[in-house]
Amino acid sequence: MKLLILVALFGLSVAQHNPQYKHGRTSIVHLFEWRWADIAEECERYLAPNGFGGIQISPPNDHIILNDPWRPWYQRYQPIGYNLCSRSGSEAELKDMITRCNNVGVNIYVDVVINHMCGAGGGAGTHSSCGSYFNANNKDFPTVPYSAWDFNDGKCYTGSGNIDNYNDINQVRNCRLVGLLDLALEKDYARSKVVDFMNKLIDLGVAGFRVDACKHMWPGDLQVMYGKLKDLNTKWFSSGSRPFIYQEVIDLGGEPITASEYTGLGRVTEFKYGAKLGTVFRKWNNEKLRYLVNWGEGWGMMSSGNALVFVDNHDNQRGHGAGGASILTFWDPRLYKMAVGFMLAHPYGVTRVMSSFRWDRNFVNGVDKNDWIGPPSYSDGSTKPVPINPDSTCGDGWVCEHRWRQIRNMVIFRNVVEGQQLSLWWDNGNNQIAFSRGDRGFIVINNDDWDLDETLNTGLPNGTYCDVISGQKEGTSCTGKQVTVGGDGRAHFKISSQEEDPFVAIHINTKL
Ligand code: QV4
Ligand code: CA
């Protein structure tokens, strides 16, 4: 009996690690702050045709509206209730988007903010995205409803009521994260409100959740709530499919709360990944690409089956959260494309690609004073649509990294090599590396200041292949470099250190 229960629990938790991708797809894109109407279009016109597996969407529920600073992106991390009207659109638009994306095989993962409500200084009134009344002063959120009973203040013993010391586990979980009213999730009532919210999203057809601020919630509380989630909607998922759960825990080492407390419940964001990869590609601290030979667990990261990985996220691309200066973003496009290319070629973890908006940075003593700026918006604060240019890039300040040829083609590469071992590692002892994924794909990267000129064993069948970084296969021709693989699997590569993108990737579907 005990054994049976153990088996059942184990099965359940492993299931929550599964992204439930459709059609053998393998990557998530975070369409940060996109409107639901634009996401629906993007699923049909771009993400499905290019093999993206799913989308992380910004929080869809009722959130505070802030004037000072003006409509910052982070107002969506201050919930007012669980009704589904947000800066990205109405419940009807959300529902239409989830349906249309599912219909073309693209999953939706919802960023859920369940640790807290708005900031204690959020005031009283109807300044919320649904226009609902609330009063942060007496912790009254009538649409849920939550009242003062549902918050943690009685269990927080810091003078400020805020988290002052990350070495004190009780503070981190029972006090307010930057002044945000902290929910008492050990109570059945609060738990049931969160579970109802998440189950409603499951009914609408979402495939899972990015759970915000998990370090600040007790794993035991999360376990109970996850256990009450429904199976996924059988309109799109096979019966018995569990929601995919990936939990935001920033664990760079050095704190008493670790990611490993959460990996039994679902996947966890591996923040060491982007921090260390940025250091390697920037060649800081004498790091070299050749050290990536044992990338993943060998670098002190959690096991691959527990990890959700990314080069940058919406916080650390603008100095929030953690990771530090090494983080690569679209602001450093050359290194960024190489690092994202490496991530998508490498088998470790479930991969998430960032898709950002541009903002006017304003550095004062190394700190960006404009880190709050929200998405491209009209003067009334409403978010602008994402216009698509004739060359397939995005306009109006939307960066759309996921549409950059090099990144999009590596998303496809990852699908093609799925399930294949990393093999045939080669390096020059410095910053030139190459590896294959079984006999289905091969990547070569030159991050040295001199040319790469090598004949390497690719593991691929003989033939001529089209490089998906400098171009791609179109019909029967190739718009980029061509690579000829001989009967012995070997091919000659020449990558100048001066090239716009000093890396080459070929896979079995780019054979000419
Ligand atoms: C301010 C003061 C407080 C004061 C409070 C009084 O700083 O000391 O007590 O006023 O009311 C915003 C402001 C912040 C303000 C707070 C409350 O930036 O200055 O406090 O609102 O009004 C995002 C932003 C935060 C933002 C928050 C809520 O990053 O700046 O706070 O949204 O709008 C840790 C966590 C990790 C977290 C990371 C950023 O362990 O979980 O910090 N990451 C997630 C999200 C992130 C989000 C939150 C958590 C909170 O990815 O985007 O924070 O939901 O590492
Ligand atoms: Ca908490």
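Worth knowing before you read on, the calculation uses all heavy atoms, side chains too, and leaves out hydrogens, waters and symmetry mates. Treat the numbers as computed from the prediction; the structure is a model and nothing was measured. Numbering of ligands and ligand atoms starts at 1, following listing order.
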**Asked** OD2 (Asp182) to the Ca ion (ligand 2) to O (Arg173): angle, nearest 10 degrees?
**Response** 80°

**Asked** Is it true that some N/O/S atom of Leu185, main chain or side chain, lies under 3.0 Å from the Ca ion (ligand 2)?
**Response** no

**Request:** Might you work through the ring-ring contact (aromatic ring centres under 6.0 Å, His included) test for Trp73 and Phe357, ending with a clear yes or no?
**Result:** CA-CA 11 Å; Trp73 61 269; Phe357 57 81; 8.2 Å; no

**Request:** With sequence neighbours excluded, tell me which residues meet salt bridge (Lys or Arg N to Asp or Glu O under 4.0 Å) with Lys187.
**Result:** none

**Message:** Could you check whether atom CG of Asn365 has more than 12 heavy atoms from other residues, nucleotides or ligands sitting under 6.0 Å from it?
**Reply:** no

**Metal-centred angle, O of His216 through the Ca ion (ligand 2) to OD1 of Asn115, rounded to 10 degrees** = 80°

**Request:** Assess whether atom NZ of Lys384 is packed by more than 12 heavy atoms of other residues, nucleotides or ligands within 6.0 Å.
**Result:** yes

Give one line per pair: atom of ligand 1, protein atom, distance. Only N/O to N/O under 3.5 Å.
unit_1, atom_1, unit_2, atom_2, d
ligand 1, 9 (O), Asn162, ND2, 2.8
ligand 1, 20 (O), Val178, O, 3.1
ligand 1, 21 (O), Gln78, NE2, 3.1
ligand 1, 29 (O), His320, ND1, 2.7
ligand 1, 30 (O), His320, ND1, 3.2
ligand 1, 33 (O), Tyr74, O, 2.7
ligand 1, 33 (O), Gln78, NE2, 2.9
ligand 1, 40 (O), His216, NE2, 2.6
ligand 1, 41 (O), Glu248, OE1, 2.7
ligand 1, 43 (N), Glu248, OE1, 3.4
ligand 1, 43 (N), Glu248, OE2, 2.7
ligand 1, 43 (N), Asp315, OD2, 3.2
ligand 1, 51 (O), Arg210, NH2, 2.9
ligand 1, 51 (O), His314, NE2, 3.2
ligand 1, 51 (O), Asp315, OD2, 2.4
ligand 1, 52 (O), His314, NE2, 2.9
ligand 1, 52 (O), Asp315, OD1, 2.7
ligand 1, 52 (O), Asp315, OD2, 3.4
ligand 1, 54 (O), His116, NE2, 3.0
ligand 1, 54 (O), Asp212, OD2, 2.8

**Prompt:** Between Asn107 and Trp236, do the side chains contain an N or O donor and an N or O acceptor separated by less than 3.5 Å?
**Reply:** no

**Message:** As an exercise, state the distance from NZ of Lys200 to CD of Glu91, rounded to the nearest 0.5 Å.
**Reply:** 3.5 Å

**Fill in**
From the list His116, His320, His314, His63, ring-ring contact (aromatic ring centres under 6.0 Å, His included) partner of Tyr77 resolves to His314

